[in-house]
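A quick note: this is a predicted structure, and the numbers were derived from the prediction, not measured. Chain naming here is simple, since letters A, B, ... match the order of the sequence lines and numbering starts at 1 in each.
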2 protein chains.
Amino acid sequence: MYSALYNHINRFIDLSTGEQEILAPMLKSFSVKKKAFLLTEGQTCRANYFVAKGCLRLYFIDIKGAEQTTQFAIENWWITDLTSFLFQTPSEFYIQAAEATEVIAIEHHLYDEMFHKLPKLERYFRLILQKNHQASQRRIKFLYSQTAEERFRHFNSLFPEFVQRVPQYMLASYLGFTPEFLSKIRAKK
Amino acid sequence: MYSALYNHINRFIDLSTGEQEILAPMLKSFSVKKKAFLLTEGQTCRANYFVAKGCLRLYFIDIKGAEQTTQFAIENWWITDLTSFLFQTPSEFYIQAAEATEVIAIEHHLYDEMFHKLPKLERYFRLILQKNHQASQRRIKFLYSQTAEERFRHFNSLFPEFVQRVPQYMLASYLGFTPEFLSKIRAKK
DNA sequence: TCCATTTCTTAAACTACATTAAGTTTTTTG
DNA sequence: CAAAAAACTTAATGTAGTTTAAGAAATGGA
């Protein structure tokens with residue numbers, strides 16, 4: 001049921017079978033159809049989501065009405081609107097399945113309890129959040145140091161399979177330009 | 001000596017006097033003169049830095065030779081090049097004092113030991129990293145949703161004192177445009 | 001398998017911001 | 001307190017990327 005998550009946790013800390021059994025009742029596992037939403041603007045984000053299989057994306061709608069993708073989560077990544085999740089306030093974001101996705105969720109009303117019952121998980125989440133922070137530092141540098149074309153070519157060389165996996169308009173907004181411009185870049189060579 | 005840090009930690013968890021005494025020998029406290037460096041490109045980042053007083057900034061030099069500020073840390077914020085710090089690899093960043101600054105540092109060779117001796121701090125750092133992650137999500141949205149002028153006006157309305165505190169060229173690169181353009185915006189009104 | 005929807009492409013006109021360069025003001029330091 | 005260095009301003013010129021709009025291709029559902 002939750003083996004994808006247990007395997008991931010065990011990459012960072014040792015979680016015994018007994019501890020897994022304590023954790024299990026606090027989790028929920030379910031499928032999300034392609035294009036279905038786990039969160040929409042105005043709603044309060046109910047859970048922190050772990051992707052067991054598939055792909056979720058976090059985006060918002062800008063003043064001009066365009067979707068701006070700010071994050072993707074593939075296998076073994078957590079995704080949520082952290083502010084909305086932690087403080088149970090209305091979100092300005094959408095979380096949508098970019099593909100048919102298998103999700104494991106920890107809901108807000110059990111989040112603190114989880115750390116209380118399994119303090120070991122403080123370490124797991126600290127390490128995950130450190131990875132997130134590394135990724136953010138890399139991403140900001142990347143956004144500030146290259147032109148749109150360089151960003152695309154660089155991203156494409158690092159994650160060629162992923163570029164094939166999602167529609168170009170999602171990728172374009174994630175990389176900070178328009179789908180038309182991405183089309184232009186590709187046509188070049 | 002380390003009271004600024006102890007106070008900060010106690011906002012998130014309860015750290016007893018005894019525990020403070022365990023922590024103390026793993027910390028270092030020192031002053032950094034304005035414009036002095038805690039890290040330069042090519043060096044390995046030795047520590048994670050907590051600002052007790054003053055202001056540090058993290059920046060890199062882009063292809064055109066311009067400084068790009070990617071992060072500021074004022075009182076009660078931690079700052080480091082996390083990848084370089086965790087894996088002890090050469091950094092592409094500089095950490096410099098934007099003002100005369102009082103720093104409390106935890107060095108790499110004591111970082112794991114700190115969590116081993118004081119597992120409570122796993123929680124403190126998880127909570128800090130959550131705040132960081134919230135800040136990153138906010139920042140990315142901010143960068144993607146507004147024009148340069150809007151970003152400046154918005155930032156200025158949120159943090160007017162901070163805008164006065166640092167040179168405009170640092171702020172301009174942090175907000176993602178040139179000092180000349182910032183000058184132009186200001187002249188407008 | 002066909003129609004509807006979604007996604008991608010092309011190209012011309014436009015604009016927000018960068019670049020360059022020179023001059024001015026402010027801050028730092030001996 | 002004078003000189004040097006650092007920070008800021010102004011303005012002309014240039015360009016990377018956007019906008020708009022229309023058509024082509026791919027995908028998905030009944």
Report yes if a side-chain nitrogen or oxygen of Lys35(A) is closer than 4.0 Å to either non-bridging phosphate oxygen (OP1 or OP2) of dG28(D); otherwise report no. no
Within less than 4.0 Å of OP1 or OP2 of dG28(D), is there a side-chain N or O belonging to Lys34(A)? yes
Nearest-angstrom distance from the residue atom [atom1] of [X] to [atom2] of [N]:
| X | N | atom1 | atom2 | answer |
| --- | --- | --- | --- | --- |
| Tyr169(B) | dA6(D) | OH | P | 9 Å |
| Leu171(B) | dA7(D) | CG | P | 14 Å |
| Glu67(B) | dA18(C) | CD | C1' | 18 Å |
| Arg151(B) | dC17(C) | CZ | P | 7 Å |
| Ile185(A) | dT18(D) | CD1 | P | 9 Å |
| Phe152(A) | dG17(D) | CZ | C1' | 16 Å |
| Gln96(B) | dA6(D) | CD | P | 11 Å |
| Glu150(A) | dA16(D) | CD | C1' | 11 Å |

Closest approach to the side chain of Lys184(A), judged atom by atom: which nucleotide of dT28(C), dG17(D), dT7(C) is it? dG17(D)
What's the closest nucleotide to the Gln168(B) side chain, out of dC8(C), dT19(D), dT9(D)? dT9(D)
Lys/Arg N to Asp/Glu carboxylate O, [X] vs [Y], below 4.0 Å:
| X | Y | value |
| --- | --- | --- |
| Arg57(B) | Glu67(B) | yes |
| Glu180(A) | Lys184(A) | no |
| Arg165(B) | Glu75(B) | yes |
| Lys34(A) | Glu99(A) | no |

Answer yes or no for Lys131(B) and Trp77(B): cation-pi contact, defined as NZ/CZ to six-membered ring centre under 6.0 Å and angle to ring axis within 45°. yes
Closest heavy-atom pair and its distance - Ala97(B), Leu56(B): CA-CD2, 3.7 Å
Kindly assign one of parallel, tilted or perpendicular to the pair Phe37(A) and Tyr59(A), based on the angle between their ring planes and the thresholds 30° and 60°. tilted
Of Lys64(A) and Met170(B), the one whose nearest nucleotide on DNA chain D sits closer to the 5' end is Met170(B)
Counting only non-hydrogen atoms, which of residues 172-181 of chain A are less than 4.0 Å from DNA chain D? Phe177(A), Thr178(A), Glu180(A), Phe181(A)
Looking at every strand, decide which applies to Thr147(B) at a 4.0 Å heavy-atom threshold: base, sugar-phosphate, or nothing. sugar-phosphate
